[in-house]
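Take a look at the structure set out below.
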Amino acid sequence: MPTVADLRTSEEPITMLTAYDAPTAELIEAAGIDVVLVGDSMGNAVLGHETTLPVTTEEVASRTAAVSRATDDVLVVADMPFLSVGVSEESSIENAGRMVKEAGADAVKLESGPHTVELTERLVELGIPVMAHLGLTPQRVNQLGGYGRQGTTKDAAREILDLARAHEEAGAFSLVLEHVPANLAAGITEELSIPTIGIGAGPDCDGQVLVITDVIGLGKWSPPFSTQFGDVRSEIESAVGAYKEAVESGEFPAEEHSETVEEVDDVY
Ligand code: KIV
């Protein structure tokens, strides 16, 4: 079973993908991906919400449990949803602890800011490994006014760098950098000794993460910094269309899909 320590010593670029269910997690593990993130991106990706804000602790815990049951050989990280941490130390610890204790996560990820430095320290102290997340933090969409690139001015870049250092010092085992200039991500990666994992942050992070529905081509929309590596949407369209046609034409179910039992012939 991989641990957060393996991630720190990884020589190759770290690969991380999101997953929200057992079969997808199983396939991701079989492909040799290092980390599965049960992201609150499930809100937009599979739960039909427009943002990640409505995602609940219960939803992340239930899907983390499904991913954990399906995998042995991949690090499972549960994403802490909006307001599941930060309201009080007690409820933050309870919610993060639940991901590890009940759902089987190996670590939690917190969308980070000045308010998560002490909390990161406390969680790590209690034995809950923490992945920090800086740059674009989608749970702040109402403050940010959208999903634009972050850290594009000297002051904003400095603030991200300072927070990155503070979270490393607080004991975070890695840091996600989302939608920041590639040169800022490269600089932070150089500065920190914990691995950085980028999304829309250029090629110089220690690893990369993408949302699974973007990678496989299941979603209707994906961000410009993502790449579609497959076209599962058209596979599903064609399979569902073929099923409909086969039922309507009487082709399905065929003889090999049906069984008759003589004894029940004269029941009516
Ligand atoms: O929720 C998520 O999937 C994430 C990644 C995009 C890093 O936070």
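These numbers come from the heavy atoms of this one structure, side chains and all, not from hydrogens, waters or symmetry mates. Since the structure is predicted, the reported quantities are computational estimates derived from the model, not experimental observations. Read the numbers this way: they start at 1 and go in the same order the structure lists the ligands and their atoms.
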Using a 4.0 Å cut-off to any heavy atom of [X], which atoms of ligand 1 qualify?
| X | answer |
| --- | --- |
| T18 | 3 (O) |
| G39 | 1 (O), 2 (C), 3 (O) |
| H133 | 8 (O) |
| D40 | 1 (O) |

When you look at [atom1] of [X], are more than 12 heavy atoms from neighbouring residues, nucleotides or ligands closer to it than 6.0 Å?
| X | atom1 | answer |
| --- | --- | --- |
| E245 | CD | no |
| E256 | CD | yes |
| Y243 | OH | no |
| E159 | CD | no |

Query raised in the report: Would you call E125 and R122 a salt bridge, taking side-chain N to carboxylate O under 4.0 Å as the test?
Result: yes
Requested in this report: Output yes when a side-chain donor or acceptor of E178 lies under 3.5 Å from a complementary backbone atom of I199, and no otherwise.
Outcome: no
Report task. Would you kindly specify which portion of D79 sits under 4.0 Å from ligand 1, judged on non-hydrogen atoms: side chain, backbone, both or neither? Result -> side chain
Query raised in the report: Is K109 touching ligand 1 with its side chain, its backbone, both, or neither, if touching means heavy atoms under 4.0 Å apart?
Result: side chain
Distance to 0.1 Å, residue and atom name: give those for the protein heavy atom nearest to [atom].
| atom | result |
| --- | --- |
| atom 4 (C) of ligand 1 | L37 CD2, 3.6 Å |
| atom 6 (C) of ligand 1 | I199 CD1, 3.7 Å |
| atom 3 (O) of ligand 1 | S41 OG, 2.5 Å |

Requested in this report: Taking the six-membered ring for Trp and the single ring otherwise, decide whether the centroids of F252 and H257 are under 6.0 Å apart.
Outcome: yes
